[in-house]
Asker: 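Mind having a look at this structure? Questions to follow.
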Number of protein chains: 2
Amino acid sequence: MRMSELSGATGIPVPTVKFYLREGLLPPGVRSGPNQADYSEEHVRRLRLICALREVGGLSVAEVGTALGAVDAGHASPVLGKPVEPPVSDADQDWARGRVLELLGPGAAGPVVANLVAVVATLRALGHEGVIERLAEYAALARATAEVDAAVNAEGDAETALVTALLGERLFAGLRNLALVEGVSG
Amino acid sequence: MRMSELSGATGIPVPTVKFYLREGLLPPGVRSGPNQADYSEEHVRRLRLICALREVGGLSVAEVGTALGAVDAGHASPVLGKPVEPPVSDADQDWARGRVLELLGPGAAGPVVANLVAVVATLRALGHEGVIERLAEYAALARATAEVDAAVNAEGDAETALVTALLGERLFAGLRNLALVEGVSG
């Protein structure tokens with residue numbers, strides 16, 4: 001199909017499609033004339049995925065590029081989430097690291113652990129330690145949720161891992177929010 | 001304290017503090033001279049909260065304004081999350097609405113429900129229906145998580161509700177991600 005048809009099939013305007021091509025998020029079509037290229041169903045799928053990651057997943061164009069690069073390379077567990085750098089004191093940061101390592105074991109490391117430490121330090125700095133007191137309960141529920149995620153993606157497909165993590169997070173947050181509101185009002 | 005001290009106490013640059021004052025996120029200080037105002041510990045706390053919502057919660061300045069406006073008005077459950085509008089077909093949208101109402105009951109409505117429908121429709125459009133097949137399992141875990149949230153904020157404080165929802169979401173996503181990676185590799 002032509003670019004105008006690709007745009008029609010996905011509802012994504014031609015200038016946006018061209019932008020994704022330039023940014024390398026969308027692979028080029030097969031050249032079919034001096035100023036024309038042919039696009040396939042695979043392009044339709046890819047465009048829908050890009051759009052879902054941006055609109056639903058809330059990723060920036062650069063983050064979509066990184067995430068899709070990891071998927072294309074077959075990484076089943078792309079690292080998600082930006083580094084979190086709240087302005088907290090060293091004391092709060094050290095205290096938070098202690099709580100997180102207490103929970104996860106002394107060997108825990110990496111960007112996700114660093115983000116957890118930053119979130120816990122921020123909660124302490126703001127005086128909202130109630131969440132931290134129940135860290136073990138949240139961790140147990142997160143493990144149970146990850147078991148469902150693992151069952152959803154038993155084959156360890158990279159794109160499924162990405163979509164499940166990102167859209168699954170939005171889904172879970174919505175369900176949690178609804179349950180909380182119902183619990184409060186009902 | 002003066003603005004320079006407020007900046008020093010929070011690590012937030014003076015131009016950023018001025019910007020938050022102009023945007024109305026930070027209440028003005030008490031005028032103490034022709035070109036000077038006095039700020040309190042309450043301003044330090046508020047600045048830290050703004051920064052946490054932006055850096056850790058990922059909110060835009062406008063979203064922080066809306067969220068803090070709700071907190072100031074004493075709303076214990078500010079609506080979170082932007083409307084999600086992925087380009088999905090009406091058929092996928094209708095199918096998704098059916099699944100969500102099946103789960104939540106025919107009376108379910110509102111912006112959070114609309115977002116859930118949009119996420120489910122996107123998952124179907126992308127061909128990742130595995131997540132949807134386990135919607136009831138995710139919903140049960142989300143309810144259990146919301147019970148912990150409710151216990152954390154038993155008094156129904158508006159700021160606690162906001163911080164718990166937003167930072168708690170980041171915390172849970174990190175714990176879930178870690179558990180998934182460990183489960184895959186271990």
Asker: Search all heavy atoms of A108(B) against all heavy atoms of L101(B) and return the closest pair with its distance.
Answerer: O-CD2, 3.6 Å
Asker: Let's test your reading of the structure: which of V120(B), V88(B), I12(B), L123(B) forms the most heavy-atom pairs below 4.5 Å with chain A?
Answerer: L123(B)
Asker: For the candidates V131(A), V148(A), V113(A), L167(A), which exhibits the highest count of non-hydrogen atom pairs separated by less than 4.5 Å from chain B?
Answerer: V148(A)
Asker: Taking C-beta and beyond as the side chain, do V112(A) and V181(B) meet within less than 4.5 Å on heavy atoms?
Answerer: no
Asker: Give a yes or no on this: more than 12 heavy atoms of other residues, nucleotides or ligands lie within 6.0 Å of atom CD of E41(A).
Answerer: no
Asker: Please state whether the side chain, the backbone, both or neither of T10(A) comes within less than 4.5 Å of a heavy atom of chain B.
Answerer: backbone
Asker: Identify which of T145(B), L104(B), V100(B), L49(B) forms the greatest number of heavy-atom pairs closer than 4.5 Å to chain A.
Answerer: T145(B)
Asker: Pick from E159(B), R143(B), R48(B): which one has the most heavy-atom pairs with chain A under 4.5 Å?
Answerer: E159(B)
Asker: How close do R99(A) and L135(A) get, heavy atom to heavy atom, and via which atoms?
Answerer: O-CD2, 4.4 Å
Asker: What residue in L103(A), D149(A), L178(A) has the most heavy-atom pairs under 4.5 Å with chain B?
Answerer: D149(A)
Asker: Tell me, side chain or backbone of E133(A) under 4.5 Å from chain B's heavy atoms, or both, or neither?
Answerer: neither
Asker: Can you name the closest pair of heavy atoms from A121(B) and A96(B) and give their distance?
Answerer: N-CB, 3.4 Å
Asker: Ring-plane angle category for F172(A) and Y138(B), please: parallel below 30°, perpendicular beyond 60°, tilted otherwise.
Answerer: perpendicular
